[in-house]
Amino acid sequence: QVHLVESGGGLVQAGGSLRLSCAASGRAFSTVTMGWFRQPPGKERGFVAGISWYGASTYYHDSVKGRITITRDNAKNTVYLQMNSLKPEDPAVYYCAARRGCSVASTRFEYSDWGQGTQVTVSS
């Protein structure tokens, strides 16, 4: 099992940038595939981005391509979500998740461990 703690959420102006962090513990981080999900108010939790073992491959939801980058630092047991050009539809609670396996998965049912989430708010 992997324990995950998100941080970096907060208030940012539209068009601005924000970097979320997710610190992991409990299992060798380099062997865990990581994903970011978000849940806007009144909506279902949906996939944002994923990164495979050692960061060899990444996958993004079409709605965030070009604006969001997922990276990982295995030495620090941390995965990041860099968000640029934030839009009014981006506000949500963002969650990081982990799963066993070397490939990226895009559904929440494929992830076994979840963080508590961090709130992102965008002002205009």
Side-chain angles (χ1 to χ4, degrees):
Q1 63 182 39
V2 182
H3 179 65
L4 305 171
V5 179
E6 301 98 335
S7 63
L11 176 65
V12 63
Q13 292 182 333
S17 299
L18 198 66
R19 189 179 74 165
L20 306 182
S21 300
C22 178
S25 62
R27 188 189 177 188
F29 185 69
S30 61
T31 65
V32 176
T33 294
M34 299 294 298
W36 281 97
F37 292 75
R38 67 183 179 184
Q39 187 167 15
K43 298 183 179 180
E44 298 295 324
R45 187 176 303 182
F47 177 77
V48 177
I51 187 166
S52 65
W53 288 7
Y54 305 102
S57 62
T58 59
Y59 182 76
Y60 299 92
H61 191 273
D62 288 341
S63 64
V64 301
K65 285 183 177 178
R67 300 191 300 113
I68 290 182
T69 302
I70 184 171
T71 58
R72 66 191 299 163
D73 187 338
N74 292 333
K76 298 181 179 179
N77 291 346
T78 302
V79 62
Y80 303 95
L81 190 71
Q82 178 67 48
M83 301 187 293
N84 300 322
S85 300
L86 285 164
K87 299 179 179 180
E89 62 265 30
D90 291 327
V93 177
Y94 285 72
Y95 299 87
C96 66
R99 79 178 194 95
R100 301 182 66 180
C102 60
S103 61
V104 175
S106 60
T107 67
R108 62 185 179 89
F109 305 103
E110 297 173 283
Y111 291 82
S112 59
D113 300 290
W114 294 83
Q116 295 299 306
T118 184
Q119 178 71 50
V120 173
T121 303
V122 180
S123 63
S124 60

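Numbers here are sequence positions counted from 1.
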Close side-chain approach of Met34 to Leu4, heavy-atom, < 4.5 Å: yes
Summary of side chain to side chain donor-acceptor pair (under 3.5 Å) pairs that have at least one residue in residues 115-124, sequence neighbours excluded: none
Distance (rounded to the nearest 0.5 Å) between Ile51 CD1 and Cys96 SG: 12.5 Å
Non-neighbouring partners of Asn74 that pass side chain to side chain contact (heavy atoms under 4.5 Å, CB included), sequence neighbours left out: Phe29, Ser30, Tyr54, Arg72
Pro41 versus Pro91, closest heavy-atom pair with distance: CD-O, 4.0 Å
With sequence neighbours excluded, residues passing side chain to side chain contact (heavy atoms under 4.5 Å, CB included) with Ser106: Phe47, Tyr59
Non-neighbouring partners of Ser25 that pass side chain to side chain contact (heavy atoms under 4.5 Å, CB included), sequence neighbours left out: His3
Any donor-acceptor pair under 3.5 Å from Glu6 side chain to Gly117 backbone: yes
Value rounded to 0.5 Å, distance of CD in Glu110 from OG in Ser103: 8.0 Å
Audit row: Leu20, Met83, side chain to side chain contact (heavy atoms under 4.5 Å, CB included) steps and yes/no: CA-CA 8 Å; Leu20 306 182; Met83 301 187 293; 3.9 Å; yes
Where Val122 and Leu86 come nearest, the two heavy atoms and their spacing: CG2-CB, 4.2 Å
Hphob cluster co-occupancy, Val2 + Tyr80, side-chain heavy atoms under 4.5 angstrom: no
Members besides Val5 in its Ile/Leu/Val/Met/Phe/Trp/Tyr cluster (side-chain heavy atoms under 4.5 Å): none
Taking every non-hydrogen atom, the tightest pair across Val32 and Ala98: CG1-CB, 3.3 Å
Interatomic distance, Ile68 atom CD1 to His61 atom NE2 [nearest 0.5 angstrom]: 10.5 Å
Counterpart residues, salt bridge (charged side-chain N to carboxylate O under 4.0 Å, His left out), relative to Arg67 (two or more places apart): Asp90
Shortest non-hydrogen separation from Val48 to Val64 and the atoms involved: O-CG2, 3.6 Å
Thr69: partners by side-chain hydrogen bond (donor to acceptor under 3.5 Å, both in side chains), with sequence neighbours left out: none
Derivation of the side chain to side chain contact (heavy atoms under 4.5 Å, CB included) call for Ser112 and Gln1: CA-CA 8 Å; Ser112 59; Gln1 63 182 39; over 6 Å; no
Qualifying salt bridge (Lys or Arg N to Asp or Glu O under 4.0 Å) pairs with a residue from residues 11-24, counting only residues at least two apart or across chains: none
Output side-chain donor-acceptor pairs under 3.5 Å for residues 8-16, partner residues at least two apart or in another chain, one line each.
none

Inter- and intrachain pairs under ring pair (Phe, Tyr, Trp, His ring centres under 6.0 Å), touching residues 91-124, at least two apart: Phe37-Tyr111, Phe37-Trp114
Those residues that, when tested against Lys43, pass salt bridge (charged side-chain N to carboxylate O under 4.0 Å, His left out) (two or more places apart): none
Side chain to side chain contact (heavy atoms under 4.5 Å, CB included) partners for Ser57, two or more places apart: Ser52, Val104
